[in-house]
Every structure is written in structure tokens, then in C-alpha cells.
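Working notes for the structure below.
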There are 2 protein chains.
Amino acid sequence: MAVHDAMDVLSGKWKIAIISSVCYNNKRRFSDILNDVGGISNKMLSKELKDLEINKLITRNVLDTQPITVQYQLTEYGLTLKSIIDKLADWGTGHRKVIIGK
Amino acid sequence: MAVHDAMDVLSGKWKIAIISSVCYNNKRRFSDILNDVGGISNKMLSKELKDLEINKLITRNVLDTQPITVQYQLTEYGLTLKSIIDKLADWGTGHRKVIIGK
DNA sequence: CGGCATCCTTCTGGATACTG
DNA sequence: CAGTATCCAGAAGGATGCCG
């Protein structure tokens, strides 16, 4: 089932928040994402970023600064997820009203 | 973050597949869904259906047959998820080609 | 048939410390 | 700064059996 292929990529607690962070800011460093995504640990961020890179949704770029900084960026392909994430966000907003009433 | 509200509802390994099964067939019995969604256990199906009912995405209807049958159906509200699921399916299909090449 | 209860395994992810 | 390594708790989920 095709949906499953998509959900696999977005699975876990953090992927969508990470994508949102990188997407919204165009380029984003590791520690920036760590701040954007409240509550995530560096271990999880590292792991999720690796997953996203494997799935060709983001690129990793090591800058030759002292100390090193690493920039992440959505690929063109990763950007194709944007409309879906927007739709999810819309639906989530509506859902909150329906269920939680806030 | 609104996306999180949506993902909460769709979290876990099975929800989207279950919704798809019910959605595609309009009305669907417990054991039918059990067959549609390959690999799910009755325990999980039971639990996930409960979650979906709590979130007002599906209705549960006990038919007075012998033995009992139970029909599940998407609510109007649940149907609003269809376009998102379709989009996810589309994207998943494309993704499979990009990553797995099949 | 449509579950619920129980047990058990696996996976997820948090905390902390350490490295180049 | 950007990770990696380790340890560990809790959640998710599978297998099986029972029950109205």
C-alpha cells in the first residue's frame, strides 16, 4: 500500500517537526533545529536527520568553520512534501476544534 | 504545532491502513478489516478502532445478527481525511520510485 | 463474530557522558 | 559544534487463550 511508503518516511515523533524547521528557514544548522524542535534530544535529532538524508529529503553540508558547523536543507524532492504537511496542519487545526474544542 | 494534532490521530502502525479499508468499502466489518489490513492482530485492530471512534473518525454499529456482526463506517468528518490520504498515497508511490526504484 | 486479558518481545526514545 | 556511545524506562505491538 502506497500510503505506508509515505508514512514510513514520516514515522516517529519528530520528523515532521524537523522538516518544518528546515523548510521554514531554508537552511538550518544542527543546533538551530535542536532549538526549534522543543524537547528533542541530540541523539534523536541526529538519527532522524540521518533517516531523512537516506530518504533524500534533506542534504547535509559540513562547513569548514572553527568549530565545524553543519547545515541542513530540504532537497527539491523534500519540498514536494510541503503541500502535504500544510494540509496536515490545516486538518490538525480543525481537528483540535472538533475534538478538544479549543 | 497543528501538524502534531493531525499526526497524533494518525499515529501508530495501522491507522491509515484501517481508514483506507473502511473508506474504500464504505461499510466494513471487523473481520473484513482484519483481512484487508495484512498483518494486524485482533488486539491492535480493536484498539485502533477505539481510538478512531474516540476521535470521531469512524462509527461503530452492532448488528443484531447471530452471531453478532459489527460494522464500521467513516463519519463525514472522517471523510475529510480522504484527500490527505490520497495525497499521501500519491507521494508514497512516487517516493517508492525515487528511493527503492520500483 | 468481535472482542478482552495476559504475557512477552521489540522498538522508541530520554539522560548522560564522551569525542574530534 | 555536531555528533557518538551507553544505559535504561516505557510504549507499542505480537501470540495466544478465553468469553458472551
Side-chain angles (χ1 to χ4, degrees), chain A residues 1 3-22 25-55 57-74, chain B residues 1 3-22 25-55 57-74:
Chain A
M1 187 174 297
V3 176
H4 179 260
D5 294 327
M7 291 313 284
D8 247 22
V9 176
L10 303 178
S11 68
K13 197 171 168 180
W14 306 107
K15 295 228 175 60
I16 293 201
I18 294 171
I19 294 174
S20 298
S21 162
V22 177
N25 296 284
N26 186 27
K27 294 182 180 176
R28 209 66 178 148
R29 291 185 313 154
F30 188 89
S31 49
D32 292 331
I33 305 175
L34 207 54
N35 279 314
D36 291 342
V37 181
I40 196 171
S41 65
N42 54 354
K43 169 183 145 186
M44 285 310 297
L45 180 54
S46 172
K47 193 203 132 218
E48 301 284 69
L49 284 170
K50 242 182 246 170
D51 285 354
L52 293 173
E53 204 189 346
I54 288 174
N55 282 306
L57 298 180
I58 60 168
T59 53
R60 197 181 98 111
N61 215 301
V62 181
L63 303 186
D64 199 6
T65 52
Q66 194 51 248
I68 274 177
T69 55
V70 180
Q71 285 211 333
Y72 292 91
Q73 189 169 189
L74 282 196
Chain B
M1 188 173 296
V3 176
H4 179 259
D5 294 326
M7 291 313 285
D8 247 21
V9 176
L10 304 178
S11 68
K13 198 171 167 179
W14 305 108
K15 294 227 174 61
I16 294 202
I18 294 172
I19 294 175
S20 298
S21 163
V22 177
N25 297 283
N26 187 27
K27 294 182 180 176
R28 209 67 178 147
R29 292 185 314 154
F30 188 89
S31 48
D32 292 331
I33 306 175
L34 207 52
N35 279 313
D36 291 343
V37 182
I40 194 171
S41 64
N42 56 353
K43 170 184 145 186
M44 283 312 296
L45 179 54
S46 173
K47 193 205 133 217
E48 301 284 70
L49 284 170
K50 239 182 247 169
D51 285 355
L52 293 173
E53 204 189 346
I54 289 173
N55 281 306
L57 297 181
I58 60 168
T59 54
R60 198 181 97 110
N61 215 301
V62 181
L63 303 185
D64 200 5
T65 52
Q66 194 50 248
I68 274 178
T69 54
V70 180
Q71 286 211 333
Y72 291 91
Q73 189 170 189
L74 282 197

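Both backbone and side-chain heavy atoms feed into the values below; hydrogens, waters and symmetry mates do not. Order of the sequence lines fixes the chain letters, A, B, ..., with proteins taken first and strands second; residue numbering starts at 1 for each chain.
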For [N] and [X] - does any side-chain N or O of the residue sit under 4.0 Å from the phosphate oxygens OP1/OP2?
X      : N       : answer
K13(B) : dC11(C) : no
S31(A) : dA2(D)  : yes
Y72(B) : dG3(C)  : yes
S46(A) : dT4(D)  : yes
R60(B) : dG2(C)  : no

Looking at [Y], is its backbone amide N or carbonyl O close enough to the side chain of [X] to form a donor-acceptor pair, meaning the two atoms are under 3.5 Å apart?
X      : Y      : result
K15(B) : S11(B) : yes
S21(B) : A17(B) : no
S20(B) : I16(B) : yes

Take the protein atom [atom1] of [X] and the nucleotide atom [atom2] of [N], then report the distance between them rounded to whole Å.
X      : N       : atom1 : atom2 : value
Q66(B) : dC1(C)  : CD    : P     : 12 Å
N42(B) : dA5(C)  : CG    : P     : 13 Å
M44(A) : dA5(D)  : CE    : P     : 16 Å
E48(A) : dG3(D)  : CD    : P     : 14 Å
I58(B) : dG2(C)  : CD1   : P     : 13 Å
W14(B) : dC11(C) : CH2   : P     : 14 Å
R29(A) : dG3(D)  : CZ    : C1'   : 14 Å
L34(B) : dC1(C)  : CG    : C1'   : 11 Å

Testing R28(B), E48(B), M44(B) for side chain to side chain contact (heavy atoms under 4.5 Å, CB included) with I18(B), which one passes?
E48(B)

To the nearest 0.5 Å, what is the distance between CG (N26(A)) and CD (Q73(A))?
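Those atoms lie 5.0 Å apart.
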
Take S11(A) and K47(B), find for each the nucleotide of DNA chain C with the closest heavy atom, and name the residue whose nucleotide sits nearer the 5' end.
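Nearer the 5' end of the strand: K47(B).
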
Among the nucleotides dC4(C), dG14(D), dG2(C), which one has an atom lying closest to any side-chain atom of T69(B)?
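Side chain of T69(B) sits closest to dG2(C).
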
